[in-house]
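Heads up, the thing below is written out as structure tokens.
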Amino acid sequence: MSNFTFKIRGSVFLMTLLVSLTAANVFGQTTISGTLTDADTKETLVGVNILVKGKVIGTISDLSGKYSLNVNQEPPFTLVFSMIGYTPQEVEINGSQSNLNIQLAETTILGQEVVVSASRVEESVLQSPVSVEKMDIIAIRDAPQASFYDAINNLKGVEMSTQSLLFKSFNTRGFNANGNVRTVQLIDGMDNQAPGLNFSIGNIVGISELDLESVELLPGASSALYGPNAINGILLMNSKSPFLYQGLSASVKTGIMNESGRSQAATGFYNFSARYAKAISDKFAFKVNMEYLKADDWQANDFRDQSLLNGSTIESGNTQNNPAYNGVNIYGDETNVNMLSVAQSMVQAGVLPSAALGLIPNSAVSRTGYMERDIADYGTKSVKLNAALHYRINDNIEAVLQGNLGFGTTVYTGADRYSLKDFMMGQYKAELRASNWYVRAYTTQERSGDAFAVGTAAQGINEAWKASTQWFPEYVGAYANAIGQGADSNTAHGLARQFADQGRYIPGSPEFQNALNGVTSRPIPGDQNGVGAKFVDSSNLYHFEGSYNFAEQIKFAEVVVGANYRIYDLNSNGTIFALDENGDEYNIKEFGGYIQGSKKFINDQFKLTASARYDKNENFAGQWSPRISGVFTEGNHNFRASYQTGFRIPTNQDQYIDLNTPQARLIGGLPFFTNRYNLNANPGYTLANVTSYGGAVQQSTQDPAIQQQAVAIVTQQVEAGIIPPSGAQAAIVQTVGFLSAAANIAQLQPYEIKEFKPERVKSFEVGYKGIWGNKLLVDAYAYFNRFENFNGSQVLIQDASDSGLAGPNPLTGLNLIGAGPGGRNVFSMPVNRTEIIKSWGWAASMDYKLPKGYTVGGNVSFNTLSNLDELAETGFQPSFNTPEYRYVLNFANREVVDNLGFAVAYRWQGEFAWQSSFVNPSVSSQQLSVVPAYGTLDAQVSYKIKSMKSILKIGGSNLFSKGYTQAWGNPTIGTTYFVSLTFDEFLN
């Protein structure tokens with residue numbers, strides 16, 4: 001990474017240059033001091049923020065409510081006094097003062113928050129040009145959920161996919177996914193994606209709740225300011241400054257997780273966190289954070305049959321009535337074969353008499369699988385460490401060095417279920433910032449630890465015990481023997497499985513554990529010693545960016561510019577990503593820049609904002625992302641409209657993956673893969689085309705004319721001494737297949753591989769946000785999205801025989817349906833769909849302040865595809881993965897009586913079909929992978945113990961409700977009861 005080292009040196013030089021250009025001259029010191037009190041109770045206020053407007057210099061009130069601030073600037077200047085829950089005050093300073101006592105009044109009007117996410121400049125949330133949701137410290141503290149990340153699910157329009165206790169993916173406006181690649185999550189400005197996985201990893205590595213100051217969410221396209229991949233939304237989490245939030249704080253949280261389908265229904269969980277921050281002087285401050293969590297995770301226990309083979313259905317299929325049973329959360333049973341094909345091979349090999357073919361049904365059988373709980377590590381644990389040093393170079397500039405490190409064990413869902421055992425990720429940042437600019441450089445280091453694919457591990461255990469090439473013939477032979485002795489079909493299947501499974505490794509046994517250890521120690525897909533399930537990744541991300549607001553230089557409008565540069569350094573030890581001609585894995589370079597201008601018109605009632613961004617990834621054409629928005633304000637009423645664009649660069653895996661799995665070889669969409677696997681000269685055929693061809697071939701095998709022709713050909717070969725009479729029957733079967741393939745070969749249509757492009761979206765939105773009577777806050781929006789170049793996977797079947805170099809011929813066409821002598825190659829690669837995808841929706845929320853501190857509110861959202869019927873005609877599965885309707889109702893009071901408060905929230909969403917690579921394709925294509933509707937009731941009661949500077953919180957999530965899942969194959973989420981005690985030295 002010598003190039004990156006050079007760039008970092010350049011970055012440091014640039015930072016130094018910026019400091020020298022913007023450093024203020026030191027004037028005589030101005031000292032201001034005083035006391036902060038509550039305007040109503042007259043009690044002193046601890047931890048109030050006092051900042052010089054437009055500067056980084058500031059302080060807080062101490063444990064007695066007093067403050068003192070030295071400012072290296074000649075008056076006049078303005079001090080801003082602020083605290084969450086109170087109305088901010090601005091006071092102009094004309095000279096030193098030793099008794100500037102300020103009274104702050106509790107906020108009585110809703111919607112007074114300030115946000116920066118919507119425009120990268122501070123503005124009222126009411127006047128934001130696009131939709132934005134915010135959780136402040138009080139909202140985070142009073143949430144009726146066990147963690148703030150769970151509380152995000154209550155924000156308007158937000159969906160959550162829970163893959164485990166720690167791994168949760170948020171989404172807005174459709175196309176939800178596990179490991180969502182269409183949303184971006186920033187923690188203190190750092191992209192929280194794992195470089196190899198290429199998606200945000202929830203809050204495994206992130207901010208401890210004790211250190212979290214705010215959460216801001218922008219639903220919908222946000223690429224114009226935040227670059228690639230913010231196509232569906234962006235989540236910004238900001239931590240507390242050690243200058244403004246000082247002292248010691250600690251939290252102990254414990255409780256019970258209960259769900260009847262788990263191997264042990266009720267188990268405890270334990271969570272401890274601590275934070276210490278100290279401003280040693282007006283110049284230097286630091287903070288340290290740590291958090292530890294331990295629990296037995298939610299379990300994935302959906303045992304319905306998703307094979308749809310042998311006439312079974314999802315609800316009716318089971319191990320007793322379907323020999324090809326494939327349970328959703330049962331693994332290893334995905335491996336299945338056609339019994340008649342196995343029998344024909346056995347006849348050809350001389351191990352089964354040809355007369356037995358009449359006893360074997362033309363049906364499928366699968367291997368016996370293992371439950372997820374037998375293989376995955378459900379012993380969830382997490383350790384998060386954070387430290388930061390803040391140095392105020394002068395009153396204008398602050399320097400920050402920060403490191404976030406997280407490691408632990410959890411589970412997530414991709415094409416397989418993955419047990420992330422001892423997974424680790426670190427983020428390390430250097431930053432310089434002022435009130436109108438910043439520059440930062442950071443790196444993300446991902447280490448997969450002992451992570452492994454659960455489904456692949458189950459297959460590997462089966463193969464380690466007994467190879468499928470032995471197991472299936474044993475099954476078929478035992479079945480034929482049972483039928484021959486007069487058993488009925490169901491009994492014969494039971495006896496056959498019992499025979500083939502003799503000596504099978506039992507979960508928990510030493511043999512099982514040794515096999516599991518062997519499979520999970522070998523990288524995917526394995527080696528000569530057997531199947532490998534280990535996920536190996538040590539990829540890194542290096543990023544540099546900066547932004548500048550020309551407020552001082554340009555007066556007629558507010559102009560902001562910014563730029564970024566990043567490098568992905570892929571490293572899977574040659575197990576996941578493709579290698580170049582030198583045997584090395586690839587680096588990916590991206591850069592981008594934006595400019596935004598905003599100006600007010602019509603007596604400052606109308607604000608027009610326009611921005612444009614350009615991004616370039618070395619593997620794709622450059623992308624322009626314009627945005628224009630307008631906000632009209634009349635009193636407390638704000639009307640907005642915007643046009644935005646967004647785009648998504650294909651993930652690093654979509655670009656460079658080269659992984660041979662038991663189902664298919666996964667390859668990237670970049671052009672060199674087409675040449676590497678000869679897909680130009682020897683084309684691939686879509687699974688739909690091959691399936692249709694296979695059906696036609698199967699039908700032709702029943703054609704009397706073809707059967708007679710085959711008999712005639714084989715008879716001639718027997719008479720010529722080419723085939724022995726004992727092999728005539730098998731030869732006839734084979735010849736019928738060749739003749740049927742030849743008769744239908746024209747049905748095969750090669751798939752044309754086209755240029756792989758980034759996804760794009762064009763989004764139109766109108767909205768309103770306003771306050772009625774100082775008590776009712778209303779927020780509503782409607783949007784329409786138009787997606788182009790949508791990224792989806794394409795399965796291609798390629799003839800693997802020598803003659804297949806130019807595509808299938810009549811003799812090898814059977815290879816494509818897995819029945820010919822030369823074999824076939826199965827590829828899965830990302831491609832752009834030609835269909836235009838159109839979605840639209842709306843959302844609305846209301847919050848009302850009742851007398852005596854009570855608040856009541858709620859939100860509702862609607863999302864749908866407007867051209868679903870059109871897409872269905874092409875057979876395209878867009879994976880919208882979103883319920884049409886969802887709503888949240890809440891009721892709360894921060895202080896019913898002295899120091900006692902509560903909050904209650906009810907959340908509901910409708911059913912919808914989930915489509916992803918984890919779902920059986922037949923189930924997904926028929927829209928059978930339904931995630932049922934569910935509702936949850938969450939509640940908490942909190943008591944402020946002032947003498948201990950602590951808050952006691954007792955609550956529960958999913959009270960009085962049965963377990964639910966948020967995505968197909970994900971764990972069932974039960975009820976959580978929790979109690980926490982939080983100490984804060986500066987607690988008010």
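The model shown is predicted, which means the values in this text are computed figures rather than measured ones. The residues of the chain are indexed from 1 along the displayed sequence.
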Spacing of CG belonging to L405 relative to CG belonging to N386, to within rounding of 0.5 Å:
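Between L405 CG and N386 CG, I get 10.0 Å after rounding to 0.5 Å.
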Looking at every heavy atom in both [X] and [Y], which two are closest together, and how far apart are they?
X    : Y    : result
E446 : F535 : OE2-CE2, 4.5 Å
L389 : F286 : CD2-CB, 3.7 Å
S572 : V536 : CB-O, 3.3 Å
T172 : G233 : OG1-CA, 4.2 Å
S251 : T982 : OG-OG1, 3.3 Å
Y656 : L570 : CD1-CD1, 3.9 Å

Charged N-O contact under 4.0 Å between [X] and [Y]:
X    : Y    : result
R613 : D615 : yes
R566 : D191 : yes
K616 : E590 : no
D211 : K287 : yes

Over-ring placement of R440 relative to Y438, 6.0 Å and 45° cut-offs
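Yes, a cation-pi geometry.
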Cation-pi check, K240 onto Y245 ring (under 6.0 Å, within 45° of axis):
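Ring-cation test returns yes.
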One pair to check against salt bridge (charged side-chain N to carboxylate O under 4.0 Å, His left out): E209 and R141. What are the steps and the verdict?
CA-CA 9 Å; E209 191 165 311; R141 186 189 71 188; over 6 Å; no
Apply the test salt bridge (charged side-chain N to carboxylate O under 4.0 Å, His left out) to residues D422 and K381: give CA-CA distance (whole Å), side-chain angles for both, the deciding distance (0.1 Å), then the verdict.
CA-CA 9 Å; D422 298 326; K381 62 179 182 293; 3.7 Å; yes
Under 3.5 Å, is there a donor-acceptor pair between the E618 and Y586 side chains?
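No - no donor-acceptor pair under 3.5 Å links their side chains.
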Under 3.5 Å side-chain donor-acceptor pair for T410 and S164:
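Judged by distance alone, the side chains do pair up.
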What's the verdict on side-chain hydrogen bond (donor to acceptor under 3.5 Å, both in side chains) for N192 and Q185, showing C-alpha distance, side-chain angles and the deciding distance?
CA-CA 6 Å; N192 190 230; Q185 181 172 286; 2.8 Å; yes
Take D136 and S214, measure what side-chain hydrogen bond (donor to acceptor under 3.5 Å, both in side chains) needs, and give me the verdict at the end.
CA-CA 5 Å; D136 60 22; S214 67; over 6 Å; no
For V761 and F647, run side chain to side chain contact (heavy atoms under 4.5 Å, CB included): C-alpha distance rounded to whole Å, both residues' side-chain angles, the deciding distance at 0.1 Å, then the answer.
CA-CA 6 Å; V761 64; F647 70 99; over 6 Å; no
So does V48 get a backbone contact from the side chain of S61, meaning a donor-acceptor N/O pair under 3.5 Å?
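At least one qualifying donor-acceptor pair exists.
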M425 backbone acceptor or donor facing Q445 side chain under 3.5 Å
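No, Q445 side chain to M425 backbone: no donor-acceptor pair under 3.5 Å.
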